[in-house]
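This one's a predicted model, so the numbers in the text were calculated from it and none came from an experiment. We count ligands from 1, going down the list as the structure has it; atoms in each ligand are counted the same way.
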Amino acid sequence: MLKLMHASKIYDKSGVCALDDISLTVRAGEYVSVMGASGSGKSTLMHILGLLDTLSGGRYLLGGQDVSALPPASLAALRARRIGFIFQRFQLIDGMSALENIALPLMLQGVPPRERRARAALALSAVGLSHRAEHRPRQLSGGQQQRVAIARAIVTRPDVILADEPTAGLDPEAAADILALLQTLHQKGNTIVLITHDPSAAARAARRLYLENGALRA
Ligand code: ADP
Ligand code: MG
């Protein structure tokens, strides 16, 4: 599903080598966690895998397609179709209801309104929040907001779900709730890459990877 071949990322301005010769394959249906200290390159890796940034060297194959040299417009289209993102700070839009937030990626794909609503409602029910459809993000708890963000990530039925520290800002109970939800999504066949600095969160994944100074530790 995802394949990095000798991937490296050097930030032009700072000259920092954030990823150093990373080779990694994630197969369809796998649940992989990536751990590492602050500054080890976790977010950079997520940005690369999620087509939010491009490599300085090496290759990236997504679903068999080499995306290393695609122009930004093609990357954006692929990203919308194939990647579901979950961020630490939810990144929900405050002026929109939970349901509208979830439907937004479908709107950007040109899905008609009726189908958008139906699919968003389905995703909302998959995260157990059907009774909060019309609530605004600020009217929801942190854990509920993250569940809405997860619904938004899955509504497009992406090839891979990328979660960057999705439990870092939550209390232990809400964090456990989010991890259980990711587990359920994995059991339903989703491919998940979970980035975390929390060992107990990482332990949920069948396969655990460690980043150290931009390199994968065996
Ligand atoms: P993590 O998510 O593991 O904390 P990051 O991927 O955010 O690590 O950062 C890895 C390294 O790259 C750090 O040394 C960081 O300072 C540097 N870095 C991250 N983003 C940028 C950027 N946009 N420009 C320059 N350097 C960056
Ligand atoms: Mg980070």
Task: Distance flag for atom 16 (O) of ligand 1, protein heavy atom under 4.0 Å - done: no

TODO: Evaluate whether atom CD of Gln187 has more than 12 neighbouring non-hydrogen atoms of other residues, nucleotides or ligands under 6.0 angstrom away.
DONE: yes

TODO: Find the distance between CD (Gln88) and OG1 (Thr196) and round it off to the nearest 0.5 Å.
DONE: 9.5 Å

Give the table of side-chain donor-acceptor pairs shorter than 3.5 Å for residues 57-65, with sequence neighbours excluded, one pair per line with atom names and distance.
{"from": "Arg59", "atom 1": "NH1", "to": "Asp66", "atom 2": "OD2", "distance (Å)": "2.7"}
{"from": "Tyr60", "atom 1": "OH", "to": "Leu49", "atom 2": "O", "distance (Å)": "2.7"}

Task: Ser40 near ligand 1 by a heavy-atom separation under 4.0 Å - done: yes

TODO: Flag Val16 as yes when one of its N or O atoms lies below 3.5 Å from any N or O atom of ligand 1, and as no otherwise.
DONE: no

Task: Lys9, Met46, Lys42: member with heavy atom nearest to atom 3 (O) of ligand 1 - done: Lys42

- [ ] Please answer: with hydrophobic residues joined when any side-chain heavy atoms are less than 4.5 Å apart, are Leu211 and Ile48 in the same cluster?
- [x] yes

Task: In the protein, N/O/S atoms that are found under 2.8 Å from the Mg ion (ligand 2), waters not counted - done: Ser43 OG

Task: Spacing of Ile154 atom CD1 and Leu181 atom CG [to the nearest 0.5 Å] - done: 7.0 Å

Open item on the list: Are Asp20 and Asn213 packed together at the side-chain level, in the sense that at least one heavy-atom pair is separated by less than 4.5 angstrom?
Closed with: no

In a table with atom names and distances, give each donor-acceptor pair under 3.5 Å that connects a side chain of residues 24-32 to protein atoms at least two apart or in another chain.
{"from": "Thr25", "atom 1": "OG1", "to": "Lys3", "atom 2": "NZ", "distance (Å)": "3.3"}
{"from": "Glu30", "atom 1": "OE1", "to": "Arg27", "atom 2": "N", "distance (Å)": "2.8"}
{"from": "Glu30", "atom 1": "OE1", "to": "Arg207", "atom 2": "NH1", "distance (Å)": "2.9"}
{"from": "Glu30", "atom 1": "OE2", "to": "Arg207", "atom 2": "NH1", "distance (Å)": "3.0"}

Task: Residues which pass side-chain hydrogen bond (donor to acceptor under 3.5 Å, both in side chains) with Tyr210, listed by chain and number, not counting sequence neighbours - done: none

Task: Within-cut-off N or O pair, Gly39 and ligand 1, under 3.5 Å - done: yes

Task: Gly41: numbered ligand 1 atoms lying under 4.0 Å from its heavy atoms - done: 1 (P), 3 (O), 5 (P), 6 (O), 8 (O), 10 (C)

- [ ] Answer with yes or no whether Ala37 contacts ligand 1, where contact means a heavy atom under 4.0 Å from a ligand atom.
- [x] yes

Open item on the list: Does atom CZ (Arg79) have a neighbourhood of more than 12 heavy atoms from anything else shown, all under 6.0 Å?
Closed with: yes

Task: Atom CG of Asp12: over 12 foreign heavy atoms under 6.0 Å - done: no

Open item on the list: For atom 18 (N) of ligand 1, what's the nearest protein heavy-atom neighbour? Residue, atom name and distance, please.
Closed with: Tyr11 CE1, 3.3 Å

